[in-house]
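Below you'll find the structure, written out as structure tokens, and then a few comments.
Just so you know, these numbers come straight off a predicted model, no measurement behind them. Convention: sequence-line order gives letters A, B, ...; per-chain numbering from 1.
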Amino acid sequence: MNISNVSKSKLLLPLIPKLNRALYSHCHRRTRSLPHHKDKPINHNPTHGLVPHNRFLSLLQKCESLPHLKQIQAQMTITASILNPFESSQLINFCTLSKSRNLDYCVKLLRGVDNPNAFSWNVTIKGFSESPNPKDAILIYKEMLRDGGESRPDHFTYPVLIKVCADLELSRLGLMILGHVFKLGLELVSHVHNASIHMFACFGEMENARKAFDESPVRDLVSWNSLINGYKKMGQAEKAIEVYKMMESEGIDADYVTMIALVSSCAMLGSLKLGREFYGYIIDNGVRMTVPLANTLIDMFSKCGDVHEARMIFDRMEKRTIVSWTTMISGYARSGLLDVARKLFDEMQTSSTKPDEITMIHCLSACSQLGALDVGVWIHRYIEKHNLSLNVALGTSLIDMYAKCGNISEARSVFHGMKTRNSPTYTSIIGGLALHGDASAAISYFNEMIDAGIAPDEITFIGLLSACCHAGMIQAGRDYFSQMKSRFNLNPQLKHYSVMVDLLGKAGLLEEAEKLMETMPMEADAAVWGALFFGCKMHRNVVMGEKAAKKLLELDPGDSGIYVLLDKMYGEANMWEDAKKARRMMNERGVEKKTPGYSSIKVNGVYFEFIVRDKSRPESEKIYDCLNCLGRHMGSSVSVRSEVPEMRLL
DNA sequence: ACTAGTAAGG
């Protein structure tokens, strides 16, 4: 609701202090004529008045509608009990209760009664904080500061306000409110502290969250949970688990909120072992199995590769929400069990839960990862048939699915059919075009995006730069890379460096690639060194290649790809002894050759590289699919090879 | 009366 509208209608208030008083004196005159009230003034004593005051509280508890509420209000007005800030606060409190919440009327009451107490303000603020526009809570708070009279904000006010700032990521306002906390000397209140930990975590400022935690006078379960969840939210799963160990050593028992954070951290780490440990803890200690906790467990088990365990938890659930269904379905889909996912989806139709947009987004995402175009198309039809709203997020998922499953023209047509497009929408079409080697189209969509005033982000540039990389557009790549910081104020991340090193390395500009790596503000990862190594191998720079390979082996000695590539590099440079040595090293270390995540085929002398998304299917089958696909497009004879490609056209 | 919490996308 809009607060300013309410103040405009203030004249129409059913309740203004003057009116209250007029009604009061009117009733007072009449009641005074009643003999048994003669000598006793009508006041806030519950035993006096037409209706005993404490009856209002029980009436309020039974109240079910606004008209009913107004009747009680009228009674309170007649008996003058409404003039008592405590009595009126009960009325206001009722208006904010979730079941019968009417915030418009709540504000009318708040502004209409005499001297609303801090409780009245607090419950109104709380009510707005849970409304569709939580920011209105801040407006009420400002009004409280201005018109609150003797009612000052207290330790119940601030946790709610801080949470609003946290959830809306209003960092400046949040700091301002913390300033107020200090001014009023409420900084030692544990709820305020806990809310601050949560707030800093939401801003991504974990150092400050940690500071708030360390400085907290009391560390209760909520403090620990806020910190652990903060690290988890920032993707620092190890750190979350580390903090839990500390919590454990201080003798504090985890509850289901703690477990949600920890189990979800395991999902992020892909650690089935750790996930099972926490599941065991939950069972052994009788941690309350709430629906969100069960959902988190289903997600963890299916992401860590144990869909059967996930399904067992799903089956045991007494109550399932849309999240449970969606998590289970996408769990199957992600595991490549598309038929089971589809079956569960059909079963879901018979339950009371209906798939929503987010369900479809999940299913599409699974299709993108698996390259399952047919299922993706089926989902597209389903969306159209059931009139699900094709919002930006869903449209973007469709674009992504079509692009990653190889139908870029359909991706483009979905893009053009969308009413509103945001940054991810442009990012996915640009990334899709990059994947299909259409650099000029990718660049023209990028220009369109800038013209439309939509800000690109780091991921947009990954698409843009990789488009340049695939097309060998060296200068354009350099320009966009430097524009990231200078024009768009985006800091290049590891991934951007690895694309640039890939671009420069493939062009044989190995010194430039090495120089770029020296300017990196972070430690180069395996992708960056791998890109350099690949360039070195391609351009027969054995010295630099050895250096890169050494680094790569330090990072992951079990990566068979490095030995294979070393073997090839030496072989192509006619250094047969060294090639043999590389192979021997691999055998000695017991490194097993893994199925590569890519396949390549040679068409009329040109190598095409495929990123293989479905790792559960045999290599031969995937290559066969690729061949069919290419054959349809090109009608040419193809030859297959399963090794590192020389060129990257697709 | 206030504070912590589940599914996704580039």
Side-chain angles (χ1 to χ4, degrees), chain A residues 89 93 96-97 118-127 129 153-163 166 186 189-199 201-202 216 220-230 232-233 255-264 267 290-300 302-303 321-331 334 356-366 368-369 391-401 403-404 422-432 434-435 456-464 495:
Chain A
S89 74
N93 183 32
T96 64
L97 293 177
F119 177 84
S120 294
W121 288 100
N122 290 347
V123 291
T124 309
I125 289 172
K126 170 81 174 155
S129 79
D154 60 14
H155 62 287
F156 286 114
T157 320
Y158 287 103
V160 182
L161 291 173
I162 294 170
K163 183 182 158 60
L186 296 169
V189 175
S190 73
H191 281 69
V192 172
H193 244 102
N194 291 342
S196 310
I197 298 170
H198 171 67
M199 182 179 79
C202 287
S216 183
D220 59 15
L221 188 57
V222 178
S223 325
W224 287 100
N225 285 348
S226 304
L227 190 68
I228 293 174
N229 266 302
K232 188 223 82 182
K233 229 181 307 192
D255 71 346
Y256 73 96
V257 178
T258 327
M259 282 300 142
I260 287 173
L262 294 171
V263 170
S264 148
T290 60
V291 174
L293 179 55
N295 293 345
T296 310
L297 281 163
I298 293 170
D299 187 52
M300 180 276 292
S302 64
K303 274 184 184 154
T321 62
I322 178 81
V323 179
S324 323
W325 287 96
T326 304
T327 308
M328 195 64 245
I329 291 169
S330 68
R334 209 196 324 259
D356 64 0
E357 285 80 17
I358 301 181
T359 313
M360 304 328 276
I361 290 172
H362 273 85
C363 295
L364 286 170
S365 152
S368 305
Q369 286 168 42
N391 57 27
V392 200
L394 190 51
T396 303
S397 298
L398 274 173
I399 294 171
D400 184 58
M401 181 277 294
K404 288 201 176 126
N422 59 13
S423 180
T425 317
Y426 274 96
T427 300
S428 55
I429 193 74
I430 290 169
L435 205 63
D457 66 6
E458 288 87 352
I459 301 161
T460 320
F461 275 95
I462 291 172
L464 195 62
K495 180 73 191 165

Problem set entry | Residues in contact with DNA chain B, drawn from residues 257-264 of chain A - heavy-atom cutoff 4.0 Å | V257(A), I260(A)
Exercise. Nearest-Å distance, CG (N122(A)) to P (dA1(B))?
Worked result: 12 Å
Problem set entry | H198(A) vs dA4(B): side-chain N/O to OP1/OP2 distance below 4.0 Å | yes
For this session: Give the rounded distance in Å between these two atoms: CG of D255(A) and P of dT3(B).
Result: 15 Å
Seminar exercise, completed: Whole-Å distance, N295(A) CG to dT6(B) C1', equals 5 Å
For this session: Take the protein atom CH2 of W121(A) and the nucleotide atom P of dC2(B), then report the distance between them rounded to whole Å.
Result: 19 Å
Seminar exercise, completed: note: H191(A), atom NE2; dA1(B), atom C1'; distance rounded to Å ~ 9 Å
Exercise. When the distance from CE of M328(A) to P of dT6(B) is rounded to whole Å, what number comes out?
Worked result: 20 Å
Problem set entry | Distance test, side-chain N/O of K404(A) to OP1/OP2 of dG10(B), below 4.0 Å | yes
For this session: Mind checking side chain to side chain donor-acceptor pair (under 3.5 Å) for T396(A) and listing every partner two or more places apart, or none if nothing turns up?
Result: T425(A)
For this session: Go through the structure and list residues passing ring-ring contact (aromatic ring centres under 6.0 Å, His included) with W121(A), not counting sequence neighbours.
Result: none
Exercise. Taking only side-chain nitrogens and oxygens of K163(A), does any of them come within less than 4.0 Å of OP1 or OP2 of dA4(B)?
Worked result: yes
Exercise. Quick one: does Y426(A) reach the base of dG10(B) with a side-chain donor-acceptor pair under 3.5 Å?
Worked result: no
Exercise. Does the side chain of K233(A) get closer than 4.0 angstrom to OP1 or OP2 of dG5(B) through an N or O atom?
Worked result: yes
Exercise. Within the structure, does a side-chain N or O atom of K495(A) lie under 4.0 Å from either OP1 or OP2 of dG10(B)?
Worked result: no
For this session: Figure out the CD1/C1' separation between I197(A) and dT3(B), and round it to whole Å.
Result: 9 Å
For this session: Could you check how far CG of L435(A) sits from P of dG10(B), rounded to whole Å?
Result: 12 Å
